[in-house]
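One structure is given here, and the rest of the page talks about it.
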There are 2 protein chains.
Amino acid sequence: MSQEGVDLDKSLGYLLKEASSALRAAMEEVLRPLGMSVTHYACLELLAQRPGLSNSELARGAFVTRQTMNVLLRSLERDGDVTRPAEAPVGKVLPTRLTPRGRRRLEQATAAVRSVEVRMLAGMTESDQADAFRILKGMVHSLRDSTASS
Amino acid sequence: MSQEGVDLDKSLGYLLKEASSALRAAMEEVLRPLGMSVTHYACLELLAQRPGLSNSELARGAFVTRQTMNVLLRSLERDGDVTRPAEAPVGKVLPTRLTPRGRRRLEQATAAVRSVEVRMLAGMTESDQADAFRILKGMVHSLRDSTASS
DNA sequence: CAACGTATGTCAGGATACTGACATGAGTCA
DNA sequence: TGACTCATGTCAGTATCCTGACATACGTTG
């Protein structure tokens with residue numbers, strides 16, 4: 001009756017965490033000289049792609065809570081990287097937008113992050129990337145559905 | 001010259017984070033009724049597979065700092081799930097081992113976590129799993145090497 | 001219209017993890 | 001042997017993030 005447990009060396013979940021952790025560490029490293037964190041960068045990138053995103057939407061996109069994103073947005077606003085209207089145009093949602101300065105900051109960060117992604121993708125064929133994409137998307141879908149149903 | 005940035009919807013890095021985040025959330029959810037966190041579980045699982053691991057080694061394996069693992073081990077020791085010798089047999093390393101109680105706790109946790117992994121693997125073929133394994137391992141390798149070299 | 005459920009922004013409090021630093025022990029090399 | 005480097009366990013302080021809670025605003029549904 002040897003309860004073998006989950007062999008971590010062969011666990012896809014462990015490997016997933018390992019890869020994510022390594023990616024985050026690599027990103028933090030190249031972002032640090034710019035005075036930015038990964039969450040910082042994620043926020044700016046989200047705003048570049050979808051201007052006018054609200055605090056809560058940014059939080060979900062960057063995998064943090066509303067409160068955490070709130071303090072981050074305050075500092076970004078203080079530094080002049082983003083702007084939010086003093087009062088909500090509709091409802092309570094304060095649509096956030098990048099300033100030109102924020103856009104420049106994002107450009108620097110994007111260059112740094114891109115170098116990391118190039119490293120990460122090194123050794124992967126096109127079809128590998130496509131496979132990874134398809135598989136990861138499936139995993140997210142399976143986990144999300146089940147999590148919500150419990 | 002539209003600086004397009006990295007389209008997050010098509011970024012493998014973002015998807016990796018998303019998958020890892022979803023997995024962690026799902027694990028926290030099934031572990032909470034047992035009064036355990038993911039780090040908790042990772043520590044016990046590591047000890048089951050490699051008895052006698054040191055504090056620092058456990059920390060690396062669970063992706064936290066030595067200090068964090070230290071306080072976790074104290075609580076585990078207090079609860080009687082693990083044991084450490086009062087004095088180091090050699091050097092400063094205190095080899096940690098599971099107690100029978102810890103082993104039982106781990107068994108419960110393993111069952112819970114296994115259900116999550118089953119959900120995650122649902123919809124993945126055998127060859128998908130093999131591909132995911134190979135690709136993730138390659139990513140970790142690429143990132144680790146480059147990170148260390150900078 | 002009114003009541004309900006949902007989502008948002010924000011505040012306060014507490015838990016958690018990290019950075020920095022120190023002393024100790026082991027291994028290496030001249 | 002002695003100086004050097006490295007890794008470990010631990011302590012203190014700080015930063016970070018989360019949980020809980022509240023008031024507000026919108027959409028729906030009776």
Side-chain angles (χ1 to χ4, degrees), chain A residues 17 20-22 24-29 31-33 35-43 46-47 50 52-78 82-97 147-148, chain B residues 17 20-22 24-29 31-33 35-43 46-47 50 52-79 82-97 148:
Chain A
K17 170 71 179 175
S20 180
S21 180
R24 185 176 191 95
M27 287 178 67
E28 299 275 11
E29 189 177 343
L31 251 23
R32 192 169 310 125
M36 296 181 58
S37 73
V38 171
T39 307
H40 236 87
Y41 161 72
C43 178
L46 283 165
L47 284 175
R50 298 201 278 276
L53 240 44
S54 75
N55 178 26
S56 291
E57 291 168 322
L58 286 169
R60 281 191 291 268
F63 306 102
V64 294
T65 60
R66 286 174 291 167
Q67 295 84 338
T68 300
M69 182 54 71
N70 200 350
V71 309
L72 175 58
L73 280 182
R74 281 171 196 277
S75 70
L76 285 174
E77 208 171 3
R78 176 176 49 77
V82 305
T83 52
R84 279 190 298 179
E87 290 188 358
V90 54
K92 301 187 65 177
V93 177
L94 296 175
T96 312
R97 293 185 174 279
T147 300
Chain B
K17 171 70 179 176
S20 179
S21 181
R24 186 176 191 91
M27 287 178 67
E28 298 275 12
E29 190 178 343
L31 251 24
R32 191 169 313 126
M36 295 180 58
S37 72
V38 171
T39 307
H40 235 89
Y41 161 71
C43 177
L46 282 165
L47 283 175
R50 298 202 278 278
L53 240 43
S54 75
N55 178 26
S56 292
E57 291 168 322
L58 286 169
R60 280 190 291 269
F63 307 103
V64 294
T65 60
R66 286 173 292 167
Q67 295 86 337
T68 300
M69 182 55 70
N70 200 350
V71 309
L72 174 59
L73 280 182
R74 280 171 198 277
S75 71
L76 285 174
E77 208 172 2
R78 175 177 48 79
D79 296 344
V82 306
T83 51
R84 281 191 296 180
E87 290 188 359
V90 54
K92 300 187 66 178
V93 177
L94 296 175
T96 312
R97 292 184 175 280

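Numbered from 1 within each chain, the chains take letters A, B, ... in sequence-line order.
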Where do [X] and [Y] come nearest, in terms of heavy atoms and distance?
X       : Y       : value
B:Met69 : B:Ala62 : CE-CB, 3.7 Å
B:Leu76 : B:Cys43 : CD1-SG, 3.8 Å
B:Leu47 : B:Thr96 : CD2-O, 3.4 Å

For [N], does OP1 or OP2 lie under 4.0 Å from any side-chain N or O of [X]?
X       : N      : answer
A:Arg32 : C:dT19 : no
A:Arg60 : C:dT8  : yes
A:Asn70 : C:dT10 : yes
B:Thr65 : C:dC18 : yes

Rounded to whole Å, how long is the line connecting atom [atom1] of [X] with atom [atom2] of [N]?
X       : N      : atom1 : atom2 : result
B:His40 : C:dA15 : NE2   : C1'   : 14 Å
B:Leu53 : D:dA7  : CG    : C1'   : 15 Å
A:Glu57 : C:dA7  : CD    : P     : 12 Å
B:Asn55 : C:dA17 : CG    : P     : 14 Å
A:Leu72 : D:dC17 : CG    : P     : 8 Å
A:Phe63 : D:dT16 : CZ    : C1'   : 19 Å
A:Met69 : C:dT8  : CE    : P     : 13 Å
A:Arg24 : D:dC17 : CZ    : C1'   : 11 Å

Which nucleotide wins on minimum distance to the side chain of [X], given the candidates [options]?
X       : options               : answer
A:Val64 : C:dG9, D:dG9, D:dC18  : D:dC18
B:Arg74 : D:dC17, D:dG9, D:dT10 : D:dT10
B:Lys92 : D:dT8, C:dA12, C:dA21 : D:dT8
A:Thr68 : C:dG9, D:dC18, D:dG9  : D:dC18

message: For D:dG13, does the base pair up with any side-chain atom of B:Gln67 as donor and acceptor (N or O, under 3.5 Å, distance only)?
response: no

- line: Between A:Ser54 and B:Arg66, the residue closer to the 5' end of DNA chain C by nearest nucleotide is A:Ser54

message: Check this for me: does any side-chain nitrogen of one of B:Glu28 and B:Arg32 sit under 4.0 Å from a carboxylate oxygen of the other?
response: no

message: I'd like to know if the side chain of A:Ser20 and the backbone of A:Lys17 have a donor-acceptor N/O pair within less than 3.5 Å.
response: no

